[in-house]
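Throughout, a chain's letter reflects where its sequence line sits, starting with A, and its residues are numbered from 1. Just so it is clear, the structure is predicted and the values come from calculations on it, not from any experiment. Basis for what follows: all heavy atoms, side chains included, without hydrogens, waters or symmetry-related copies.
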There are 2 protein chains.
Amino acid sequence: MAKPPKENSPITEHLAYLLAQANREINRQLELRLSKEGVPVEQWRILKVLSDGEGHSMGELADAVLLNHPTLTKMIDRMVSDTLVYRVQDPGDRRKVLMFISDRGKVLCKKLNSLAVDQEEHILESYGDKSTSELKRLLESLIDSSN
Amino acid sequence: MAKPPKENSPITEHLAYLLAQANREINRQLELRLSKEGVPVEQWRILKVLSDGEGHSMGELADAVLLNHPTLTKMIDRMVSDTLVYRVQDPGDRRKVLMFISDRGKVLCKKLNSLAVDQEEHILESYGDKSTSELKRLLESLIDSSN
DNA sequence: TTGAAAATATTGAATATTCAACAATTGAAG
DNA sequence: CTTCAATTGTTGAATATTCAATATTTTCAA
């Protein structure tokens with residue numbers, strides 16, 4: 001029983017499509033929760049990365065939160081206006097800017113974290129503990145193998 | 001050995017983040033291949049869905065290719081200009097528009113399909129046959145459980 | 001030491017996406 | 001039938017993202 005040639009396979013069977021679909025759905029759910037605090041997913045990611053208290057450069061941040069540089073710059077501008085984060089010039093390399101989370105940012109981040117945990121728990125419930133950790137494992141390994 | 005509380009877990013452990021990261025990477029690779037024909041991923045998806053020769057309404061298409069309605073309308077406008085697809089008013093329900101793929105669209109779609117197959121084969125090589133099909137299975141089931 | 005190349009972040013213009021309002025058609029209740 | 005709500009698709013204004021160009025600082029070779 002030969003498989004049909006891939007060229008004719010429906011779009012829904014492509015890995016790229018399944019990833020896009022799953023990402024869209026999970027993201028939509030998360031967005032919905034975070035919107036309780038009026039914060040987009042990307043800002044939560046930024047706050048979470050910065051909440052280690054260390055200073056992170058823009059380039060580092062852009063990689064970590066999956067945004068390209070100009071988009072990040074403009075989002076950080078907004079977050080600075082909202083006094084959630086602040087910029088400090090890196091004394092060791094003055095090309096760089098180090099980003100820090102403010103106290104207000106920390107408070108917000110905590111609230112957001114618990115909203116996000118809500119979601120993860122909801123997924124665990126409907127999707128199962130085992131499937132979830134297996135899926136995470138496979139995704140990590142896919143990401144690894146792509147570099 | 002208790003797990004740490006989720007609130008302190010790094011962003012990289014969240015399912016939502018892993019999905020975003022994997023999606024970004026796979027999409028980037030696919031984009032790179034399709035750019036050989038100068039076509040964005042979404043247009044390939046549209047062509048692929050329409051290549052069954054049936055007419056599909058805008059709403060149906062929007063769902064299938066993961067775009068919201070106004071974005072799809074504008075992308076279809078471009079594709080109509082490029083004579084890859086065309087609009088026909090649905091005779092049975094005149095609110096609807098049925099989209100069809102043109103001959104030119106079919107030719108392009110074939111080329112794109114083989115570029116996409118290239119990518120899937122590349123993934124199979126570096127990531128493995130077994131992991132790939134297991135990942136697809138888990139993604140499908142995650143999507144199912146989210147509805 | 002100097003000067004060219006690389007790295008880092010930002011800006012502004014061009015492009016794309018989204019939100020809300022709209023127009024057209026259909027469905028369905030009274 | 002008639003009217004009013006729901007469905008479908010598009011439009012325009014507001015918003016966001018991206019690309020290319022820029023400014024600044026650092027690195028490093030000559």
Side-chain angles (χ1 to χ4, degrees), chain A residues 20-21 23-25 27-32 34-35 38-46 49-50 54-82 84-100, chain B residues 20-21 23-25 27-32 34-35 38-46 49-50 54-82 84-100:
Chain A
Q21 201 181 357
N23 179 50
R24 189 183 157 87
E25 179 57 27
N27 211 55
R28 198 189 57 76
Q29 287 175 17
L30 181 56
E31 222 162 39
L32 200 66
L34 298 189
S35 72
V39 175
V41 175
E42 291 78 14
Q43 290 198 14
W44 171 58
R45 289 202 196 119
I46 292 170
V49 170
L50 295 186
E54 310 286 323
H56 294 263
S57 75
M58 292 297 281
E60 207 182 322
L61 249 190
D63 285 348
V65 305
L66 314 177
L67 290 175
N68 52 20
H69 292 214
T71 306
L72 178 64
T73 293
K74 284 154 192 172
M75 184 160 285
I76 289 287
D77 285 347
R78 287 191 286 270
M79 295 176 77
V80 169
S81 298
D82 296 341
L84 296 172
V85 299
Y86 57 95
R87 291 176 161 100
V88 175
Q89 179 161 268
D90 185 338
D93 181 341
R94 279 153 45 205
R95 288 170 303 183
K96 293 187 186 173
V97 170
L98 297 180
M99 298 305 311
F100 290 91
Chain B
Q21 201 181 356
N23 178 51
R24 187 182 159 88
E25 179 58 27
N27 211 56
R28 197 189 57 75
Q29 288 175 18
L30 182 56
E31 223 162 39
L32 200 65
L34 299 189
S35 72
V39 176
V41 176
E42 290 78 13
Q43 289 197 15
W44 171 57
R45 289 201 196 121
I46 291 170
V49 170
L50 295 186
E54 309 286 322
H56 294 265
S57 75
M58 292 297 281
E60 208 182 320
L61 250 189
D63 285 349
V65 304
L66 315 176
L67 290 175
N68 53 19
H69 292 216
T71 305
L72 179 63
T73 293
K74 285 155 192 172
M75 182 159 286
I76 288 287
D77 285 346
R78 287 191 286 271
M79 295 176 76
V80 169
S81 298
D82 296 341
L84 297 171
V85 299
Y86 56 94
R87 292 177 161 100
V88 175
Q89 178 160 272
D90 185 337
D93 180 344
R94 278 153 46 204
R95 287 169 304 183
K96 293 187 186 174
V97 169
L98 297 180
M99 297 304 312
F100 290 91

With [X] via side chain to side chain contact (heavy atoms under 4.5 Å, CB included) - residues at least two apart:
X: A:Val97; answer: A:Met58, A:Arg87, A:Met99
X: B:Ala62; answer: B:His69, B:Leu72
X: A:Glu31; answer: A:Asn27, A:Val41

When you compare the protein's N or O atoms with those of nucleotides 16-20 of chain C, which come within less than 3.5 Å of each other, and at what distance?
unit_1, atom_1, unit_2, atom_2, d
C:dT18, OP2, B:Asn68, OD1, 3.1
C:dT18, OP2, B:Asn68, ND2, 3.2
C:dT18, OP2, B:Thr71, OG1, 3.0
C:dT18, O4, B:Lys74, NZ, 2.4

Can you tell me how far [atom2] of [N] sits from [atom1] of [X], to the nearest Å?
X: B:Ile76; N: D:dT8; atom1: CD1; atom2: P; answer: 17 Å
X: B:Leu61; N: D:dT10; atom1: CG; atom2: C1'; answer: 15 Å
X: B:His69; N: D:dG9; atom1: NE2; atom2: C1'; answer: 8 Å
X: B:Met99; N: D:dT8; atom1: CE; atom2: P; answer: 17 Å
X: B:Met58; N: D:dT7; atom1: CE; atom2: P; answer: 19 Å
X: A:Arg87; N: C:dA9; atom1: CZ; atom2: P; answer: 10 Å
X: B:His56; N: D:dG9; atom1: NE2; atom2: P; answer: 13 Å

Nucleotide N/O to protein N/O under 3.5 Å, stretch nucleotides 21-27 of chain C:
unit_1, atom_1, unit_2, atom_2, d
C:dT26, OP1, B:Arg94, N, 3.0

Restricting to side-chain hydrogen bond (donor to acceptor under 3.5 Å, both in side chains), what partner residues turn up for [X], sequence neighbours left out?
X: B:Arg95; value: B:Asp93
X: A:Glu25; value: A:Arg28, A:Gln29
X: A:Asp63; value: none
X: A:Thr71; value: A:Asn68

Rounded distance [0.5 Å steps], CG in B:Leu61 versus CD1 in B:Ile46: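 Answer for the CG-CD1 pair, B:Leu61 versus B:Ile46, is 6.0 Å.
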Any B:Ser57 side-chain N or O less than 4.0 Å from OP1/OP2 of D:dG9: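 The answer is yes; a side-chain N or O of B:Ser57 sits under 4.0 Å from OP1 or OP2.
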Derivation of the side-chain contact (heavy atoms from CB on, under 4.5 Å) call for B:Gln21 and B:Arg24: CA-CA 5 Å; B:Gln21 201 181 356; B:Arg24 187 182 159 88; 5.7 Å; no
